[in-house]
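For reference, the structure is listed below as structure tokens.
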Amino acid sequence: MHSKPEISLDPDDWAQARALAHKIVDDAVDHLTGVRDRAVWQQMPPAVRAGYGSAVPVDPTPLAEVYDAVKADLMPYPTGNIHPRFFGWYMGGSNFTGALADFIAAIDGSNLGGGDTGAAATDRQVVGWLTELMGFPAGASGTLTAGGSMANMVGLTVARNAMAGVDVRVEGVTNLPQPLRFYTSDQAHSAHQKALEGLGLGSRSLRLVPSGADFRMEVAALARMVAEDRAGGRKPACVIATAGTTNTGAIDDLQAIGALCRAEGLWFHVDGCIGAFVRLAPQNRDLVAGIEAADSLALDPHKWLQTPFECGCALVRDGTQHFAAFNLHPAYLEEQPRGLAAGRFLADYGYDLSRGFKALKLWMSLKEHGVARFGQLIDQQIALGHYLAARIGAEPALELMAPVAINIVCFRYRGHGGSEAEIKLLNAEIMLRMQESGVAVQTDTTLAGRHALRAAIVNHRTRRADLDLLVAEVLRWGRLLQTG
Ligand SMILES: *Cc1c(COP(=O)(O)O)cnc(C)c1O
């Protein structure tokens, strides 16, 4: 009987594949060591963009050619967050060890949904480290997530279920005895609204507590709103405090909010996507005192721990409540006393079943550098935030727009003044010109109705000279655009 040999996806020529892989690593090192000399960001030329419209590749292409296309058409057009002068939004700068780990993780190939594997043990260990670093007690649990949005979603799911007053997994939100109310400041991240919409509670269940001139939640106003809701027959369920707001880096009074939650019997969730890791920084850790008392906490290693995207983490104080919210074992996912399916499934702590090995990139870089170094780096970046604020304060043409709590600096070019709309137009144009020139990336926001440029200093490569250049360029473009 005639039969063709079976095919696979392995290279026909392993020696050739090995040589190419070595070249890719060499190029990767060049890419990182040369990062300072490239544009932070640049727009894709039309011809390159058009290439992304090419047809489905039915027939093969040699890997070397595929890689050439990646090098030519993809690598020059990144977000730019690995560059020391990327100050946009709030993103980590990635790191080489994390990149190696992502490669190794894919070579290992494990699915961490369940199973007794080295990968799952690594995941459990790194989550255990984070639990310990955040001061959570034994019995706490956690799960790595795609990012902070999903970490908050996991924490708020456990909060909803714990506070529902019915078995919400069975009854659903339509059978809640009382409408639930969650509270967060008007500076909170939009991920919370999205989470409550997804949880079936609706955005109306999220009450926005006003923030003060320091952009921290007004705790007295929170207490009033809780009392008001109780009197109105609604059930106050959860307060979402923010440790490091996205707009300005403001850190809510975690101790006061935690105390109020205990007194009122509310779930205390902390969104620590930006600031939780300040707890590792010896000179600034007091800023987040009280975070260790949270019932649930969202962290984002892909921000201040520089883990390559993606890596978020949800921690829950009471591991049994966490497990109760997510565990589910159909016939084809039975747990076994021995063998591959032995042990708790990691999938029982979140929404995903199949789970990648994102733990390794965090585990390897924490091992390599040690947690102390990450703490020093966070102190360094907070010091850089204050340095930039001082530079701005010394320039009459610039105006600081919010107090600097940590590593986020909001400011604008004052110029000759003008209406708010004119100032916004001018500053947005400065921001866009600087992005297009490739010299630095900053983004913008609006604070109490006033437009501001915003610089978040998260990249571990940033130095004082980079901030000097940022200030000089804002001034240069400001003058140019006003006279032009
Ligand atoms: C970034 C951020 C989030 C969302 O995290 P992602 O990792 O982008 O999903 C949530 N809350 C705060 C305070 C953040 O800064």
Side-chain angles (χ1 to χ4, degrees), residues 79 81 86-94 98 130 134 142-157 159 182-199 203 206 208-209 211 215-217 238-254 257 268-279 287-288 291 294 296-315 350-352 356 358 361-362 378 381-382 385 402 405-410 442-445 447 454-459:
T79 307
N81 52 300
F86 182 90
F87 306 110
W89 301 297
Y90 198 99
M91 298 184 189
S94 195
L130 294 177
M134 289 300 128
T143 186
L144 297 182
T145 58
S149 300
M150 191 44 89
N152 280 302
M153 182 77 180
V154 167
L156 296 179
T157 302
F182 287 56
Y183 307 84
T184 195
S185 92
D186 58 15
Q187 297 297 304
H189 196 278
S190 58
H192 303 294
Q193 180 184 334
K194 212 185 244 191
L196 292 186
E197 290 168 2
L199 289 171
S203 57
L206 183 61
L208 297 186
V209 182
S211 57
F215 297 101
R216 301 168 87 203
M217 188 193 293
C238 170
V239 182
I240 303 165
T242 306
T245 62
T246 316
N247 268 339
T248 69
I251 297 169
D252 286 338
D253 186 340
L254 304 178
I257 295 169
F268 178 34
H269 177 82
V270 176
D271 180 349
C273 285
I274 285 178
F277 295 116
V278 171
R279 196 177 150 87
L287 293 175
V288 293
I291 203 168
S296 53
L297 172 59
L299 309 169
D300 233 356
H302 64 206
K303 289 180 175 169
W304 227 339
L305 293 188
Q306 318 289 341
T307 310
F309 290 110
E310 305 151 331
C311 190
C313 180
L315 300 182
Y351 287 98
D352 296 314
K358 53 172 81 64
K361 55 195 171 186
L362 180 55
I378 288 169
Q381 289 162 331
I382 293 174
I406 44 174
N407 58 339
I408 299 175
V409 182
C410 294
Q442 54 198 322
T443 52
D444 64 350
T445 191
L447 302 170
R454 189 178 154 285
I457 305 157
V458 199
N459 187 288

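Counting convention: from 1, in listed order, for ligands and their atoms alike. Just so it is clear, the values below take in all heavy atoms, side chains as well, and ignore hydrogens, waters and symmetry mates. Computed from a predicted structure; not experimentally measured.
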Legend entry - Pair listing, salt bridge (Lys or Arg N to Asp or Glu O under 4.0 Å) test, anchored in residues 269-279, at least two apart: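 Passing the test, one end in residues 269-279: Arg279-Glu292.
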Inset, instruction - Can you sort out the partners of Asp252 under salt bridge (charged side-chain N to carboxylate O under 4.0 Å, His left out), two or more places apart, ordered by chain and number? - result: none
Legend entry - All salt bridge (charged side-chain N to carboxylate O under 4.0 Å, His left out) counterparts of Lys358, not counting sequence neighbours: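 Counting only residues at least two positions away or on another chain, Lys358 forms no salt bridge (charged side-chain N to carboxylate O under 4.0 Å, His left out).
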Legend entry - Contact residues of ligand 1 (heavy atom under 4.0 Å), by chain and number: Gly147, Gly148, Ser149, Asn152, His189, Gly244, Thr246, Asp271, Cys273, Ile274, Asp300, His302, Lys303
Would you name the heavy atoms of [X] and [Y] that are closest together and state the gap between them?
| X | Y | value |
| --- | --- | --- |
| Ala250 | Ala405 | CA-CB, 4.2 Å |
| Asp186 | Leu208 | CA-CB, 4.3 Å |
| Ala151 | Cys313 | CB-O, 3.4 Å |

